[in-house]
A.B. asks: 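Take this structure, written in structure tokens, and hold onto it; I'll ask about it next.
Numbering starts at 1 and runs along the sequence shown. One-based numbering, in listed order, for ligands and for the atoms of each.
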Amino acid sequence: MQNLEQLELQFQAKIDAEIKIEPKDWMPEAYRKTLIRQISQHAHSEIVGMLPEGNWITRAPSLRRKAVLLAKVQDEGGHGLYLYSAAETLGIDRDTLINDLHSGKAKYSSIFNYPSLIWADMGAIGWLVDGAAIMNQVMLCRTSYGPYARAMVRICKEESFHQRQGYEIMLTLAQGSPEQKRMAQDALNRWWWPSLMMFGPPDSESTNSESSIKWKIKRMSNDELRQRFVDATVPQAELIGLKVPDKDLKWNEERGHYDFGALDWDEFWAVVKGNGPCNKERLEQRVKAYEDGAWVREAALAHAEKKKERAEKVGAVA
Ligand code: FAQ
């Protein structure tokens, strides 16, 4: 029998050779744990992330906007389901994951604890929040764990549509009346900094990065991705005549990147620890939705049981 050290060396050699790790392959316990942690946090983010936009479906300004928003929110629900399924391949069951979310033990993205106050927020969420999500998730399409990487390919295709629909809302508002332009600017002002926080703490405080990069779960650091997002997004804001709310923002010719102001990390950690503007409300809504859906789960189980019994009876007669 191979000892643990040999198994670990073989595992790392596979990762280094870009061979995907599949559910039945041997993997170090710490790799399994960090994947369960990241994939489940990601799944929870998708599901909780339905709430700020779901809040606007009934108030969308036209039938077209309503249909598009409804489809987008449904997509996010679908992403959550693929991701819970990917996490389950690692030997954890969905009830445990959901219980951890509902009890406040599990984390989900800080961004979804901010309120969506006006219609323009739907534009800002699509443009900035989905934009930041894609920047991070394109790298995850090449993550080392097969089921996660494959789920991400489809998710990214949908997220890029989401980003464009958000930008189109912002473009329309920015070209509209002075009041509409003010709404677009107000939404950008409120969502800019929380969107930059989505990439996680600075590299110096990112406790999981070292091992996740070694295992090719992550392929770029939090700060590298944040910089890429700023570089891609600032010209988009300028193109539609909006101003990024950062007095320190400046193109740095030498670096070939934008320099930008300091993030409020105290605010970030307060939100992560449960003290953001909407943490309590979001969890209450999730728990209620889960409880309200109990009869659907029970009915589906009863139906599956009946089908199984029927198949057994037919089998016994034949
Ligand atoms: N919020 O050591 P690191 C979306 C935690 S999907 C809350 O750097 P890591 C789609 C982190 O968990 C958005 N907590 O962690 C959509 C860790 O705590 P732990 C979600 C955060 O994992 C759009 C601690 O801080 N995307 O938006 C956050 O190496 C519109 C130390 O951090 C994903 O989940 C945060 N922002 O890097 C849906 C992508 N950042 O677990 C609806 C997958 C960090 O040790 C509408 N995840 N923490 O207790 C990842 O790529 C990584 O997990 C990072 C964090 C980059 C988020």
A.B. asks: To the nearest 0.5 Å, tell me how far Arg65 CZ sits from Trp56 CH2.
C.D. replies: 13.5 Å
A.B. asks: Could you give the distance from CD1 (Ile21) to CG (Leu90), rounded to the nearest 0.5 Å?
C.D. replies: 11.5 Å
A.B. asks: Does Glu29 come within less than 4.0 Å of Arg32, counting only side-chain N to carboxylate O?
C.D. replies: yes
A.B. asks: Name the closest protein heavy atom to atom 48 (N) of ligand 1, giving the residue it belongs to and the distance to 0.1 Å.
C.D. replies: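 Sorting protein heavy atoms by distance from atom 48 (N) of ligand 1 puts Phe268 CZ, 4.2 Å first.
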A.B. asks: How long is the straight-line distance from CE of Met27 back to OG1 of Thr34, given to the nearest 0.5 Å?
C.D. replies: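 The CE atom of Met27 is 12.5 Å from OG1 of Thr34, to the nearest 0.5 Å.
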A.B. asks: Find all atoms of ligand 1 within a distance of less than 4.0 Å from any non-hydrogen atom belonging to Lys72, and give their numbers and elements.
C.D. replies: 30 (C), 46 (C)
A.B. asks: Run the numbers for me: atoms of ligand 1, each under 4.0 Å from some heavy atom of Leu140, listed by number.
C.D. replies: 43 (C)
A.B. asks: Distance under 4.0 Å to a non-hydrogen atom of Gly49: what atoms of ligand 1 satisfy this?
C.D. replies: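 The list of qualifying atoms is 42 (C), 46 (C).
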A.B. asks: Any carboxylate oxygen within less than 4.0 angstrom of a Lys/Arg side-chain nitrogen, looking at Glu210 and Lys214?
C.D. replies: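 Here Glu210 does not pair with Lys214 in a salt bridge, since their nearest N and O are not under 4.0 Å apart.
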A.B. asks: Evaluate Trp269 for polar contact with ligand 1, using N/O atom pairs at a separation under 3.5 Å.
C.D. replies: no
A.B. asks: Any nitrogen or oxygen of Ser45, main chain or side chain, under 3.5 Å from a nitrogen or oxygen of ligand 1?
C.D. replies: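 By distance alone, the answer is no.
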A.B. asks: Please classify the Leu225 to ligand 1 contact at 4.0 Å (heavy-atom distances, strictly less than): side chain, backbone, both or neither.
C.D. replies: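 No part of Leu225 comes within reach of ligand 1.
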A.B. asks: Is it true that Arg228 and Glu224 make a salt bridge, defined as a side-chain N closer than 4.0 Å to a carboxylate O?
C.D. replies: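 The answer is no: the pair does not qualify as a salt bridge.
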A.B. asks: Using a strict threshold of under 4.0 Å (side-chain N to carboxylate O), is an ion pair present between Glu179 and Arg182?
C.D. replies: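 A salt bridge links Arg182 with Glu179.
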A.B. asks: Run through Tyr148, Phe11, Trp26 and flag the one making a ring-ring contact (aromatic ring centres under 6.0 Å, His included) with Tyr31.
C.D. replies: Phe11
A.B. asks: Which atoms of ligand 1 have any heavy atom of Glu159 under 4.0 Å away?
C.D. replies: 10 (C)
A.B. asks: In Å, rounded to the nearest 0.5 Å, how long is the span from NE2 of His102 to NE2 of His44?
C.D. replies: 8.5 Å
A.B. asks: Tell me the contacting part of Met197 for ligand 1: side chain, backbone, both, or neither, using a 4.0 Å heavy-atom threshold, strictly below.
C.D. replies: backbone
A.B. asks: As an exercise, identify every atom of ligand 1 less than 4.0 angstrom from a heavy atom of Gly200.
C.D. replies: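 So the atoms of ligand 1 that pass are 40 (N), 44 (C).
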A.B. asks: So between Ile111, Leu83, Asp130, whose heavy atom ends up nearest atom 23 (C) of ligand 1?
C.D. replies: Asp130
A.B. asks: Tell me: protein heavy atom nearest atom 37 (O) of ligand 1, and distance?
C.D. replies: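 The closest one turns out to be Lys218 NZ, 3.0 Å.
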A.B. asks: Hey, could you give me the CD/CH2 distance between Gln12 and Trp215, rounded to the nearest 0.5 Å?
C.D. replies: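 Nearest 0.5 Å value for the CD-CH2 distance: 8.5 Å.
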A.B. asks: When you look for heavy atoms under 4.0 Å from ligand 1, do you find them on the side chain of Asn136, its backbone, both, or neither?
C.D. replies: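 Side chain only.
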A.B. asks: Within 45 degrees of the ring normal and closer than 6.0 Å to the centroid, is that where the cationic atom of Arg297 sits relative to Tyr290?
C.D. replies: yes
A.B. asks: Under 30°, 30 to 60°, or over 60°: which ring-plane class applies to Tyr82 and His79, parallel, tilted or perpendicular?
C.D. replies: tilted
A.B. asks: Report the member of Arg37, His42, Met50 with the shortest heavy-atom distance to atom 34 (O) of ligand 1.
C.D. replies: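 Heavy atom nearest to atom 34 (O) of ligand 1 belongs to His42.
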A.B. asks: Any salt bridge linking Asp223 with Arg226? Criterion: basic side-chain nitrogen under 4.0 Å from a carboxylate oxygen.
C.D. replies: yes
A.B. asks: Below the 3.5 angstrom mark, is there an N/O of Gln41, backbone or side chain, next to an N/O of ligand 1?
C.D. replies: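 Min N/O separation from ligand 1 is below 3.5 Å for Gln41.
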A.B. asks: Going by heavy atoms, is Glu53 under 4.0 Å from ligand 1?
C.D. replies: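 Yes, Glu53 has a heavy atom closer than 4.0 Å to ligand 1.
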A.B. asks: If hydrogens are left out, which of Met198, Met220, Gln38 has an atom nearest to atom 57 (C) of ligand 1, that is, the closest non-hydrogen atom?
C.D. replies: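 Looking at heavy atoms only, Met198 sits closest to atom 57 (C) of ligand 1.
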A.B. asks: With rounding to the nearest 0.5 angstrom, report the OH to CE distance, Tyr145 to Met152.
C.D. replies: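 Result: 15.0 Å between the selected atoms.
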A.B. asks: Considering only the protein, which heavy-atom contact is closest to atom 45 (O) of ligand 1, and what is its distance?
C.D. replies: Asn208 ND2, 3.1 Å
A.B. asks: Contact between ligand 1 and Gln137 is defined here as a heavy atom of the residue under 4.0 Å from a ligand atom; is it met?
C.D. replies: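 Judged by the 4.0 Å heavy-atom criterion, Gln137 does count as contacting ligand 1.
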A.B. asks: Where on His162 is there a heavy atom closer than 4.0 Å to ligand 1, on the side chain, on the backbone, on both, or on neither?
C.D. replies: neither
A.B. asks: If you measure every N/O of Lys107 against every N/O of ligand 1, is any gap under 3.5 Å?
C.D. replies: yes
A.B. asks: Using heavy atoms and a threshold below 4.0 Å, how should the contact between Tyr108 and ligand 1 be classified: side chain, backbone, both, or neither?
C.D. replies: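 Backbone only.
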A.B. asks: Would you mind running through ligand 1 and noting each atom that sits below 4.0 Å from a heavy atom of Phe199?
C.D. replies: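 Ligand 1 atoms under the 4.0 Å threshold to Phe199: 56 (C).
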A.B. asks: Under 4.0 Å from a heavy atom of Val272: which atoms of ligand 1 are those, numbered in the order shown and with their elements?
C.D. replies: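 Result: 7 (C), 14 (N).
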A.B. asks: Closest by any non-hydrogen atom to atom 32 (O) of ligand 1: pick that one out of Pro201, Ser110, Pro52, Ser211.
C.D. replies: Pro201
A.B. asks: Compute the shortest N/O to N/O distance between Tyr148 and ligand 1 and return yes if it is under 3.5 Å, no if not.
C.D. replies: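 By distance alone, the answer is no.
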A.B. asks: Can you check which of Gly77, Ser40, Ser206, Ser209 brings a heavy atom nearest to atom 8 (O) of ligand 1?
C.D. replies: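 Nearest heavy atom to atom 8 (O) of ligand 1 lies in Ser206.
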